[in-house]
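Everything below concerns the one structure shown next.
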Amino acid sequence: MTTLVWFRQDLRIADNPALFEAAARGSVLPVFVLDEGPGDNTHPLGAASRWWLHHSLEALARDLGRLVLLHGDPQRLIPELARAAGVGAVHWNRCYEPHAVRRDTALKAALIAAGVEVRSFNAALLNEPWELETKTGGPFKVFSPYWRAALARPVATPLPRPPRLEIAAGQAGDRLDDWRLRPTAPDWAAGWRDLWHPGEAGAAERLEHFLEAGLDGYATLRDRPDLSHVSRLSPHLHFGEVSPRQVVARTRFAAGRTPGLERDADKFLAEIGWREFSHHLLYHFPRLPERNWKSTFDAYPWRDSSGDLAVWQRGQTGYPMVDAGMRELWATGYMHNRVRMLAASFLVKHLRLDWRLGEAWFRDTLVDADLANNAAGWQWVAGSGADAAPYFRIFSPVGQGRRFDPGGAYVRRWCPELARLPDDHVHAPFDAPAVVLKAAGVELGRTYPHPIVDHAAARAEALAGYEAVRRAG
Ligand code: FAD
């Protein structure tokens, strides 16, 4: 029997239950569908994600030997292909974004009505969003009890690659290059092949490298963007090139082999827990990417300034730690988590621009853009989300820089025009004496911008705006 396996956010061969079960039953017809709308998906793939997807599909097609590529609406294409190929069943691994849930539910019903067997599996999460509930029976809204409940459940052992994989012949599809997922004029991703290795092999390499070189010290050093103590697994996890079950198994194995890594491993796995929690929230609150989770924030008096938004996007705010983060994002498709929190906070609190503008920019520019993690991250920073940072806690860009990039290496890397400033001044060039600026070749307003806002004044205005939220509460 031939089974159609519809790949989506599970671009791997190992620990892929839809593929494993299909391969055990006979031959496999592997398919990927690029759906670019119109449809009801209001969050299409961003430009950086498209670049990643191209390379990830290329790697998967190579590893499988063959992958049928189709372009259009899966609700039409999957039944058509199933019929044309005469498959006995259709398998997929479940997705949890609201439009995907609606699409898959409808497609499953249509296939069953047409007499095709459908099986779906969990490949993306340790616990599916409906598997954990509070004692009173609802979804969790706070991370700590959520993660405690998750830790109380065993984690399934990852599946190996299918021992025998026979790929069905026939059925032509599109050419990957014709999808034009990669940028051309200009090719802003030209250097990314040196930074990132999309695909299952690249994900495994990244995980092993992190466990060898980054895990030791993770609990304390993960907040330092000037160091390399984070895994950078996020795009691999988003596209399903590695599964959270594999990450847990390999991390526990590494921690069990080397004494003293337990705390680091627990902290790292708790971050995987935040990913789980974000998916739990998105599933239960499907408007999370569009609406304030706390509706009192609807009263917040956001400013409207496309000029300030552009200054933030280009990393020209005059606050070096914020600018370094925004430039790292543009240059690499990634930003360190600590700096994401600061850059996002700056947009929302110092510039008082709506978090949805930042969410959209991140969605377009991050290689790990993920509807659940991104929306939950932005709402956490804005104060409007579940278990969020309190609105009145406003990060000082200078204080955060001095604390988490103490020698200024991160800022010097991404804002090279400040590289010659001494450590004392690299996070606040606007406070440096003229003679220091001159010696470092910095001319404010010419080689590096004056601060777009004054920190103390911006803080006061943000708090004044927050009064409207309090009154609404
Ligand atoms: P590590 O520290 O090595 O963590 C391991 C894994 O845990 C990550 O790969 C990720 O899958 C998960 N993880 C870590 N922190 C978080 C978190 N706070 N929330 C959810 N999952 C987490 N993450 C995305 O994957 N996609 C996004 O679009 C995204 N947008 C964000 C937007 C904002 C405003 C903020 C504050 C955070 C966002 N994050 C997002 C979460 C986090 O910043 C990234 O997951 C992390 O920086 C990725 O780097 P890493 O793989 O080296 O992390």
Side-chain angles (χ1 to χ4, degrees), residues 9 43 45-46 48-49 52 97 124-126 143 146-147 195-196 203 206-207 209-211 213-215 217-225 227-244 246-248 250-251 264-282 288-289 312 322 325-326 328-329 332-349 355-389 395 400 404:
Q9 279 171 249
H43 301 96
L45 276 181
S49 301
W52 191 285
E97 294 179 3
L125 295 171
L126 301 174
F143 174 71
Y146 171 84
W147 189 231
L195 296 174
W196 300 107
R206 179 75 74 177
L207 175 58
H209 175 75
F210 168 70
L211 294 175
L215 181 63
Y218 179 84
T220 44
L221 301 177
R222 61 181 281 272
D223 276 327
R224 293 277 302 271
L227 305 177
S228 304
H229 276 277
V230 288
S231 72
R232 292 176 170 259
L233 275 173
S234 45
H236 299 288
L237 277 162
H238 170 78
F239 285 96
E241 299 165 358
V242 63
S243 75
Q246 291 172 311
V247 173
V248 169
R250 293 297 305 147
T251 305
D264 293 319
D266 285 351
K267 187 71 194 153
F268 177 60
L269 295 182
E271 297 309 318
I272 301 292
W274 274 99
R275 175 178 180 274
E276 299 270 316
F277 182 54
S278 301
H279 284 76
H280 180 83
L281 289 176
L282 178 62
L288 192 71
W312 175 81
V322 174
M326 297 308 293
E328 179 188 22
L329 173 61
T332 70
Y334 176 89
M335 194 196 305
H336 186 281
N337 178 60
R338 172 53 56 183
V339 196
R340 284 187 208 203
M341 294 197 301
L342 174 63
S345 167
F346 192 87
L347 183 80
V348 173
K349 298 185 181 175
W355 62 263
R356 281 158 282 223
L357 298 169
E359 192 270 348
W361 181 251
F362 272 27
R363 189 152 30 84
D364 196 32
T365 52
L366 279 169
V367 283
D368 65 23
D370 180 278
L371 197 63
N373 290 352
N374 199 29
W378 275 94
Q379 293 230 39
W380 184 90
V381 169
S384 59
D387 202 4
F395 287 139
Q400 291 281 302
F404 296 112

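Nothing fancy with the numbering, it's 1 onward along the sequence. Atoms within each ligand, like the ligands themselves, are counted from 1 in listed order.
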Item to complete: Go through E359 and R363 one step at a time and tell me if the salt bridge (Lys or Arg N to Asp or Glu O under 4.0 Å) criterion holds.
Response: CA-CA 6 Å; E359 192 270 348; R363 189 152 30 84; 2.9 Å; yes
Atom indices of ligand 1, in the order listed, that fall short of 4.0 Å to a heavy atom of [X]:
X    : answer
L237 : 9 (O), 11 (O)
I272 : 6 (C), 7 (O)
A369 : 28 (O)
D368 : 24 (C), 25 (O), 26 (N), 27 (C), 28 (O)
Y334 : 49 (O), 50 (P), 52 (O)
L233 : 9 (O), 51 (O)

Discussion item. Side chains of H336 and F404, heavy atoms from C-beta outward: is any pair under 4.5 Å?
Written reply: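 No, every pair of side-chain atoms sits at 4.5 Å or beyond.
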Item to complete: Measure the shortest side-chain to side-chain distance between W361 and M326 over non-hydrogen atoms and say whether it is less than 4.5 angstrom.
Response: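 Side chain of W361 against side chain of M326, heavy atoms only: contact under 4.5 Å found.
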For [atom], what is the closest protein heavy atom, and at what distance to 0.1 Å?
atom                    : value
atom 48 (C) of ligand 1 : S234 OG, 3.2 Å
atom 5 (C) of ligand 1  : F268 CE1, 3.4 Å
atom 41 (C) of ligand 1 : N337 OD1, 4.1 Å
atom 53 (O) of ligand 1 : S231 OG, 4.2 Å
atom 44 (C) of ligand 1 : R340 NH1, 3.8 Å
atom 13 (N) of ligand 1 : E271 O, 3.4 Å
atom 32 (C) of ligand 1 : N374 OD1, 3.3 Å
atom 19 (N) of ligand 1 : W274 CB, 3.7 Å

Discussion item. Students often mix this up, so state it plainly: with edges at 30° and 60°, are the rings of F268 and F210 parallel, tilted or perpendicular?
Written reply: tilted
Item to complete: Could you check whether the rings of F143 and Y146 sit parallel, tilted or perpendicular, using 30° and 60° as the cut-offs?
Response: tilted
Fill in: Pair R275-D368, salt bridge (Lys or Arg N to Asp or Glu O under 4.0 Å): steps then yes or no
CA-CA 12 Å; R275 175 178 180 274; D368 65 23; over 6 Å; no
Worksheet entry | Residues that W378 engages under side chain to side chain donor-acceptor pair (under 3.5 Å), provided they are two or more places apart |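 W378 satisfies side chain to side chain donor-acceptor pair (under 3.5 Å) with N374 once adjacent residues are dropped.
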Discussion item. Can you list everything that forms a side chain to side chain donor-acceptor pair (under 3.5 Å) with H238? Sequence neighbours excluded, please.
Written reply: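 If we apply the side chain to side chain donor-acceptor pair (under 3.5 Å) test to H238, skipping adjacent residues, the hits are D370.
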Practice prompt. Evaluate the side-chain contact (heavy atoms from CB on, under 4.5 Å) criterion for residues K349 and F395: first the C-alpha distance (whole Å), next the side-chain angles of each, then the deciding distance (0.1 Å), finally the verdict.
Written response: CA-CA 9 Å; K349 298 185 181 175; F395 287 139; over 6 Å; no
Ligand 1 contact by [X], heavy-atom criterion under 4.0 angstrom:
X    : value
F277 : no
W380 : no
M341 : yes

Fill in: Shortest non-hydrogen contact between R206 and L195, atoms and distance
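Minimum heavy-atom separation between R206 and L195: NH2-O, 3.0 Å.
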Worksheet item: Between S278 and N373, what is the shortest heavy-atom contact and its length?
Response: CB-OD1, 3.4 Å
Worksheet item: Counting both backbone and side chain atoms, is some N or O of R232 under 3.5 Å from an N or O of ligand 1?
Response: yes
Worksheet item: Would you say ligand 1 has an N or O under 3.5 Å from any N or O of N373?
Response: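 Right, the criterion is met.
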Practice prompt. With heavy atoms under 4.0 Å as the rule, classify the contact between F210 and ligand 1 as side chain, backbone, both or neither.
Written response: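 Looking at F210 and ligand 1, no heavy atom falls under 4.0 Å.
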Practice prompt. With heavy atoms only and a cut-off of under 4.0 Å, state how Y218 meets ligand 1: side chain, backbone, both or neither.
Written response: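 The answer is the side chain of Y218.
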Fill in: Criterion salt bridge (Lys or Arg N to Asp or Glu O under 4.0 Å) on R232 and E328, from CA distance to verdict
CA-CA 14 Å; R232 292 176 170 259; E328 179 188 22; 3.5 Å; yes
Worksheet item: Quick one: CG on L366 to CG on L329, what's the gap to the nearest 0.5 Å?
Response: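 Atom-to-atom, L366:CG and L329:CG are 5.0 Å apart.
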